[in-house]
Structure formats: C-alpha cells, structure tokens
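Structure record follows, encoded as structure tokens.
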Amino acid sequence: MASTTLTPAGTRLDPGLPALLLRTDRNLFHHGTLAAIRSLGRAGVPVHAIMEGRANPASRSRYLYRGHPWAPPAGQPAELAGRLRAIGERIGRPALLVPMDDAGAIFIAEHAGALRPHFVFPRQDPDVPRRVADKSLLRDACEEHGIVCPPSRTPTSAAEVDKAAEELGLPLIAKWARPWRLRRGMRSTTFVRTPDELHRLFAATRDPDGVPDGDAGPLLLQRRIPPGGGDWFFHGYFDADLGYLFGGTGRKHLAHPPQAGHTVIGKWVANPELERLAVRIVRLLGYRGVLDLDFRLDADGAYHLLDFNPRLGAQFRLFTDRDGLDLARVLHLDQSGRRVPDARPAFGRTLLVENHYLQQSARRPLRAGTLRPLREADEFAWYAGDDLPPFLAMGRRSVLRAVERLRTR
C-alpha cells in the first residue's frame, strides 16, 4: 500500500475511514471505479467495492482492499439495503459510501436513514438526486429556474414524434429520462439522423401492445446544439452548506459514442464564466456532494446544460491538482471532518480513455498524429505504472469482446 498523501496544509486522508464504492450498473469497463480505487487506495484508505468479480479488470488493482459480490439492483431497495448493511457489518466500522452511478446516488439519498448506522456520506435533500438525474425532471427544473438547456419534447404518439422532429429539426438527440432503468444493451443517448431511426427508437419505449414502458421513459427528444462552441463539463464538490470546496471545468475533445457520449479525451481548461454558471446551477437546484455536469456552447455564446450527474464523473481524475488533490479525496476529507485545502489547479492537464480511443481510431483511416494523444496524455483511464494488472486485464477482455462480436456478426 502506498503511503498516505500529505496536502500542503498538512492534512492526511484518514485511514480509519474506509470507503465502499457502490455501482448498480453492470459495466466491466467502468474506468471511474478503477480511478476511485487508485485515488483513495494510494492515499492509504482501505477501499472496498461492489463489483462483478474477477471478470472486472478493476478487481485486479493492488489498491483494492476487498471486492464484494454484486448487489441486488436499486430497483429492489429492501434487498440492496440489506446487502449494504451486511457489507457494513463485515467492514466493522463506519465507511464512506461512494455512489459511482446515478441509481446508486438516488438510492443513498432516498434511504439515508437505513444506511447511516454503517456509512457516512454527504447530507442531501432526499428528492434532489432523482430530480437532477431524471432528464425530464431536470428539464422542468431548468425551466423553473431559468437555466439554459436545449429545447426538447416528450412525444406520446407517432404523430407527436413527427411533430417534434419538425419543430426541433433533424438530426436531434434522443435520451431516455431514466437511463439507469434501461434494458441491457440499450443506449441512454442516441444521435438520431432520420425519421425512420426516430420512430424505431420511439417504438422501443412501448411494449408489444403499444403501452408505454415506464421503466426508462419517457423518451426525451432534444434539439441538437451544433458543436462549434465545443462540449464542456464541470466537476465539483459542495458541502452541507452548499459551499463550493473544489472543482474544475474541462473541454471534451473526443466522445464515445461521437457527439452523444462520455469523455474519451478531455482537457482541464480555465473557464471562469462556466465555473460561475455551474456553481449557480448547483446552488439553485440544492445539490450537495460530488457531481458531474455536461454543457454545450452554442454559436451565441450560451452554455446549455445537457446532463446533471449526481456522482463522481468517470473522468474525475482529470481534475487532479498539483498536490494530488482530486474529488474523491476531497469527498473523503470533508466526510472525515478534515479541512479541504485550497486547490492548486493544473490547467492544461489531459486524460485519455485508451480502449475507447483505440476503438474509435480503428473505425476510421489512420492519420498522421493518430497515436500522438496516447503519447502525450497526462492521465490514462487504465494504464498506470504502479498498477499494471487492470490495464492488462482490460486489454484481454477487450480482445475477447471484439472476437465475440465478430462471431455474432
């Protein structure tokens, strides 16, 4: 285990407060889980994680203290609460409970009373995480508070789909309001180019009898903001008094899938205007804890809020300051009652997700400079010289998955 991290103010992370990473969405390639394991583990914190077993590359990390068997889904709250209590009893002392996906964040907020005896986590209004994670509820909140977001429609019939396409224009962005309830294999966000694609997607929200499938719906159709101004994001931490303790603004240079996905290449960029806007949005909506906001800048200079994720963003390690402070460590410091030192930003720092970068590069002809980002990134999602096994396991599983897809085709 690496030695504990000393901040400029002499504040160490408390090894007496272990951490449990809660993820409810099965995803063997969730690099945010590995990032949290490494960040807290390197600082001397015993890190526990609920994961899919040795099939998950993150389970190979030297910084994982203990992996726990996969838990019941958040849709079975009594069972999940029972499993978490059992894990808490096994840990034997209060642990920091860290949600790695939206469903986990919602569950913790709505079942805080049952979880408090075994875990610590930011105090939260119980309805806020659901209100910001649900795309349709977020749209309503934006309208209520005057927050700029792309115009959208929620059609309830094929005729309304056509009307929405006419009003919003094609191509457009289609999102399920509650992506954490999607059936396995379905995308939460889709870049839609044609009316036929749009109708096929809308039909997927209905059961065979045409009745709305309420699990992940409604389907939100959103005007596409041309990407000329760029895709931007903000990660931050807000304490119980909505005080802004740490954060940063970044620009997304490559996404997976393109134009509608998570960050593959990102850069920490000083953007005081966006930072002020993000802080204002968080305080208006009353959220506390760690968060990840996505924005797109339009041609008129307005930032449109695209998504509000009430959890650690998978690329949170991009915002690692010059003293090694990041959002996972800030969360741990604050929840252990220790002072969070002032950040020393590392503007220009870059992060790259290797498997998705290579996957996208393979789909287009190699150009001069294709491998340059791999050589110049400051942080990688998987590769780390002090923790190679997860990177090697990810490579093996990626090859196996590619072979399986070829066989299926």
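Just so you know, residue 1 is the first one in the sequence shown, and it goes up from there.
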Q: Answer yes when Asp102 and Arg311 have at least one side-chain N-carboxylate O distance shorter than 4.0 Å, and no when they do not.
A: yes
(Q) Main chain of Val128, side chain of Asp125: is a donor-acceptor contact present, judged purely on distance under 3.5 Å? (A) no
Closest heavy-atom pair, Leu182 versus Met186, reported as atoms and distance to 0.1 Å, is CD1-O, 3.7 Å
Side chain to side chain contact (heavy atoms under 4.5 Å, CB included) with Val120: of Leu17, Leu115, Leu97, only one passes, and it is Leu17
Next item on the list: Taking only Lys NZ, Arg NE, NH1 and NH2, and the carboxylate oxygens of Asp or Glu, determine whether Asp386 and Arg42 approach each other closer than 4.0 Å.
Entry: yes
Cut-off 3.5 Å, side chains only: do His262 and His356 have a donor facing an acceptor? yes
Exercise for review: Return yes if some donor-acceptor pair links the side-chain N/O of Glu354 with the main-chain N/O of Trp382 below 3.5 Å, else return no.
Suggested key: yes
Beyond-backbone contact of Leu358 with Leu374, side-chain heavy atoms, under 4.5 angstrom: yes
dist Arg223:CZ -> Leu221:CG (nearest 0.5 Å) comes out at 12.0 Å
Q) Which word best sums up how the rings of His48 and Tyr65 line up, parallel for under 30°, tilted for 30 to 60°, or perpendicular for over 60°? A) tilted
Value for CG (Leu219) from OG1 (Thr154), rounded to nearest 0.5 Å, stands at 9.0 Å
Quick one, Phe29 and Met394 - any side-chain contact, counting heavy atoms below 4.5 Å?
yes
Hey, are Arg251 and Asp231 close enough for a salt bridge, meaning a charged N less than 4.0 Å from a carboxylate O?
-> no
Please tell me whether Thr263 and Gln315 have a donor and an acceptor in their side chains that are separated by less than 3.5 angstrom. yes
Only residue of Phe295, Phe308, Tyr244 satisfying ring-ring contact (aromatic ring centres under 6.0 Å, His included) with Phe234 is Tyr244
Checking Asp298 against His304: is there a side-chain donor and acceptor pair closer than 3.5 Å?
yes
The single option from Leu34, Asp326, Thr320 that satisfies side chain to side chain contact (heavy atoms under 4.5 Å, CB included) with Ser39 is Asp326
Verify side-chain hydrogen bond (donor to acceptor under 3.5 Å, both in side chains) between Tyr237 and Asp334, making sure each step is shown before the conclusion. CA-CA 10 Å; Tyr237 181 81; Asp334 187 55; 2.6 Å; yes
Exercise. After noting the C-alpha distance and the side-chain angles of Tyr303 and Asn271, does the key distance pass the side chain to side chain contact (heavy atoms under 4.5 Å, CB included) rule?
Worked result: CA-CA 12 Å; Tyr303 288 96; Asn271 188 333; 2.9 Å; yes
Scanning both residues in full, the closest heavy-atom pair of Gln359 with His256 reads NE2-CE1, 3.7 Å
Check this for me: Glu143, atom CD, are more than 12 non-hydrogen atoms of other residues, nucleotides or ligands nearer than 6.0 Å?
yes
Q) Between the side chains of Asp25 and Trp180, is a donor N or O closer than 3.5 angstrom to an acceptor N or O? A) no
For this session: Before giving the answer on side-chain hydrogen bond (donor to acceptor under 3.5 Å, both in side chains), spell out for Asp162 and His199 the whole-Å C-alpha distance, their side-chain angles and the decisive distance to 0.1 Å.
Result: CA-CA 8 Å; Asp162 290 327; His199 279 283; 2.7 Å; yes
Would the distance check show the side chain of His332 and the main-chain N or O of Ala328 forming a donor-acceptor pair, the cut-off being under 3.5 Å? no
- Query: Okay, side chain of Asp300, backbone of Ala302: is any donor-acceptor separation there less than 3.5 Å?
  - Reply: no
Output for pair (Glu379 CD, Arg349 CZ), nearest 0.5 Å, gives 4.5 Å
The single option from Arg178, Arg139, Arg181, Lys175 that satisfies salt bridge (charged side-chain N to carboxylate O under 4.0 Å, His left out) with Asp134 is Arg178
Would a distance-only check, ignoring hydrogens and angles, find a side-chain to backbone donor-acceptor pair under 3.5 Å from Arg153 to Ala164? no
*Angle class for the His235/Phe233 ring planes (parallel below 30°, perpendicular above 60°, tilted otherwise)?*
tilted
- Message: Would the distance check show the side chain of Tyr287 and the main-chain N or O of Pro310 forming a donor-acceptor pair, the cut-off being under 3.5 Å?
- Response: yes
>> Is it the case that the side chain of Arg23 and the backbone of His30 share a donor-acceptor pair, with hydrogens and angles ignored and the cut-off at 3.5 Å?
In response: no
Report task. For residues Leu22 and Val98, determine if any side-chain heavy atom of one lies less than 4.5 Å from a side-chain heavy atom of the other. Result -> no
Can you tell me if Ser61 and Asp387 form a side-chain donor-acceptor pair at under 3.5 Å?
yes
